[in-house]
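Letters go in sequence order (proteins before strands), and every chain restarts at 1.
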Number of protein chains: 2
Amino acid sequence: MSATDKARDVLLAQGYKWTGPRREIIKLLLDNIERHVSAEELYSILQAKNSEIGLATVYRTLELLAEIGFIHKLNFGDGCSRYELADGDHHHHHLICTGCAKVLEVEMDLLETLEQQIEREYSFAISGHHLKFFGLCQGCQQEAKEDSDEAQ
Amino acid sequence: MSATDKARDVLLAQGYKWTGPRREIIKLLLDNIERHVSAEELYSILQAKNSEIGLATVYRTLELLAEIGFIHKLNFGDGCSRYELADGDHHHHHLICTGCAKVLEVEMDLLETLEQQIEREYSFAISGHHLKFFGLCQGCQQEAKEDSDEAQ
DNA sequence: ATTCTTGCAAAACCTTTGCATACTG
DNA sequence: CAGTATGCAAAGGTTTTGCAAGAAT
C-alpha cells in the first residue's frame, strides 16, 4: 500500500473526506518531501500547474495530515513550517547548514540511552524529540576556505 | 564581570553604542531569562514599568544580541521566538511539555560522541545543536492518570 | 560632527478564519 | 441529504522596515 493510500484510509476512517485537492496536495507533498517543502512552496508548485487549489486549503490539508500523524511539522528557523513524513521508527536528525540553509538528514538515532536517563531523572514521559545540528556543509566549508585563501 | 558588562563590552568593541534602552532590555532579559521570555513579553514588562521603549527596539536589541552571540534564539513551536543565554559550554537540552507547554531544562550533554560521528561520516562542520524532547511533565502525567481513572 | 539608535506607524510575512458555494460519502 | 471541504478575501499574530528625531562617541 502506497503512502497516499495509507493517508486516504486514515482520513476516511476518521470521518474526513477524500477530495481532489487533498489527493493532489498529498501527491505533490510526497514528490517533494525530501526538500522539506513549505506550504507556500507547495502552493507555488500548484499555481505553476494552473491548479485552482487555494493557499488556505494547502495549509488546512497540511494541518490535517499532521493531526492524523501522517507528517511532522518542522521548524528550521527560516520563518515557515516545513514537513517530513512521520515514517514510523525512521529516526533521523537534521543538519542545517548556516552557509546555504540546506538541510541534510542524518540516519542514526543514538538518543535512546539519553532518553531513558532523562525519563528517570526528570520524571518526564518522552513521546518524541527533534535534534538539529547547525554548522557548515562540505560545499560551504570549501567556499569558506577559498575565501580565506584569497584574503591572504 | 557581569553578563551585562560583557554584553556592553562586546557591543562597544564592535562599534555599537551602549544606550539606555539596550541596558534596560538586557537587564530585564537577564532577570527573566530562565522563563525564556519572548520579545512581546519583554515589551509587556517594559510597558508595565511605564518605560517608553518601543516594541521595535526590543526586537532590534534581541536580534543584535543574537548576532553578537550573547543569546540564542529558540523556537518552541508556540508562534514566537524565545531566548536563552549563550553561556559558553553550558550545554543543555529542552523538555517541552505537550500538556502545559512548560519548558524544562536538562543539564547534560551526551551528544559529543554523536557529533564526532556525524562530522566524520557527513563531512559537516558542526557549530551548535538544539535538542528538544516532547512529552508530558510529571504534573501532566498525574493529571492524565487522574482523568483516565475518573473515566472508569 | 558623525554615526548609530530610537519610536512610531506602516508594511511584510506567514498562518488562520468566516462565509457562501461545491463536493463527498 | 447531511456533513465536510473549498476558494476567496479578510483578519490574525509576529516580526521587520522607513523615516525623522534623538542620543552616543
Side-chain angles (χ1 to χ4, degrees), chain A residues 4-5 7-29 36-47 49-68 70-71 73-83 101, chain B residues 4 7-26 28-29 36-47 49-68 71-83 101:
Chain A
T4 307
D5 291 344
R8 184 199 56 211
D9 289 357
V10 175
L11 286 176
L12 290 174
Q14 302 198 14
Y16 298 112
K17 292 179 177 169
W18 186 241
T19 66
R22 286 185 180 158
R23 188 166 27 75
E24 198 170 343
I25 290 169
I26 291 174
K27 180 192 180 311
L28 232 51
L29 175 65
H36 297 294
V37 275
S38 66
E40 204 82 43
E41 287 167 358
L42 276 178
Y43 179 61
S44 293
I45 300 175
L46 286 167
Q47 289 210 305
K49 295 182 153 202
N50 293 317
S51 164
E52 309 267 283
I53 297 174
L55 181 57
T57 301
V58 176
Y59 274 104
R60 282 188 281 230
T61 301
L62 290 171
E63 188 193 4
L64 181 59
L65 292 175
E67 194 182 306
I68 64 168
F70 183 70
I71 57 178
K73 193 192 252 192
L74 305 174
N75 188 299
F76 293 137
D78 64 343
C80 64
S81 292
R82 297 179 175 280
Y83 302 85
Chain B
T4 306
R8 185 199 55 212
D9 290 357
V10 175
L11 287 176
L12 290 174
Q14 302 198 14
Y16 297 112
K17 292 177 175 169
W18 185 243
T19 66
R22 284 185 182 160
R23 188 167 27 74
E24 198 170 344
I25 290 168
I26 292 175
L28 231 50
L29 176 64
H36 298 293
V37 275
S38 66
E40 204 80 42
E41 286 166 358
L42 277 178
Y43 179 62
S44 293
I45 300 175
L46 286 166
Q47 289 211 305
K49 295 182 153 202
N50 292 318
S51 164
E52 309 266 285
I53 297 174
L55 181 56
T57 301
V58 176
Y59 274 105
R60 283 189 280 231
T61 302
L62 290 171
E63 188 192 4
L64 182 59
L65 292 175
E67 194 182 306
I68 66 169
I71 57 177
H72 287 152
K73 193 191 251 192
L74 304 174
N75 187 299
F76 294 138
D78 62 345
C80 63
S81 292
R82 298 179 172 280
Y83 302 85

Looking at [X], I'd like to know whether one of its side-chain N or O atoms comes within less than 4.0 Å of OP1 or OP2 on [N].
{"X": "B:Arg22", "N": "C:dT6", "value": "yes"}
{"X": "B:Tyr16", "N": "C:dC4", "value": "no"}
{"X": "A:Arg60", "N": "D:dA5", "value": "no"}
{"X": "B:Ser38", "N": "D:dT14", "value": "no"}
{"X": "A:Tyr59", "N": "C:dT15", "value": "yes"}

- [ ] Starting at CG of A:Leu55, measure out to OG of A:Ser44 and round the result to the nearest 0.5 Å.
- [x] 9.0 Å

Open item on the list: As an exercise, state the distance from CD1 of B:Ile53 to CD of B:Glu24, rounded to the nearest 0.5 Å.
Closed with: 4.0 Å

Task: side chain to side chain contact (heavy atoms under 4.5 Å, CB included) assessment of A:Tyr16 paired with A:Arg8 - done: CA-CA 9 Å; A:Tyr16 298 112; A:Arg8 184 199 56 211; over 6 Å; no

Open item on the list: Is any side-chain heavy atom of B:Lys73 closer than 4.5 Å to one of B:Tyr83?
Closed with: yes

Among [options], find the nucleotide with the atom closest to the side chain of [X].
{"X": "B:Leu12", "options": "C:dG7, D:dT25, D:dT6", "result": "D:dT25"}
{"X": "A:Thr57", "options": "C:dC8, D:dG7, C:dT5", "result": "D:dG7"}
{"X": "B:Pro21", "options": "D:dC8, C:dT6, D:dA5", "result": "C:dT6"}

For [X] and [N], give me the distance from atom [atom1] to atom [atom2], rounded to whole Å.
{"X": "A:Gln47", "N": "D:dG7", "atom1": "CD", "atom2": "C1'", "value": "12 Å"}
{"X": "A:Ile53", "N": "D:dC8", "atom1": "CD1", "atom2": "P", "value": "11 Å"}
{"X": "A:Arg82", "N": "C:dC14", "atom1": "CZ", "atom2": "P", "value": "10 Å"}
{"X": "A:Asn75", "N": "C:dT15", "atom1": "CG", "atom2": "P", "value": "9 Å"}
{"X": "A:Leu62", "N": "C:dT15", "atom1": "CG", "atom2": "P", "value": "10 Å"}
{"X": "A:Gln14", "N": "C:dG25", "atom1": "CD", "atom2": "P", "value": "15 Å"}
{"X": "B:Glu24", "N": "D:dA24", "atom1": "CD", "atom2": "P", "value": "13 Å"}
{"X": "A:Leu55", "N": "D:dA10", "atom1": "CG", "atom2": "P", "value": "15 Å"}

Open item on the list: At 4.0 Å (heavy atoms only), tell me whether B:Ser81 reaches a base, stays on the sugar-phosphate, or touches nothing.
Closed with: sugar-phosphate

Open item on the list: By the 4.0 Å heavy-atom rule, please label A:Glu63 as base, sugar-phosphate, or nothing.
Closed with: nothing

- [ ] Mark yes or no for a side-chain to base donor-acceptor pair under 3.5 Å between A:Lys17 and C:dT24, with no hydrogen or angle criteria applied.
- [x] yes

Task: Main-chain N/O of B:Lys17 paired with B:Arg22 side-chain donor or acceptor, under 3.5 Å - done: yes

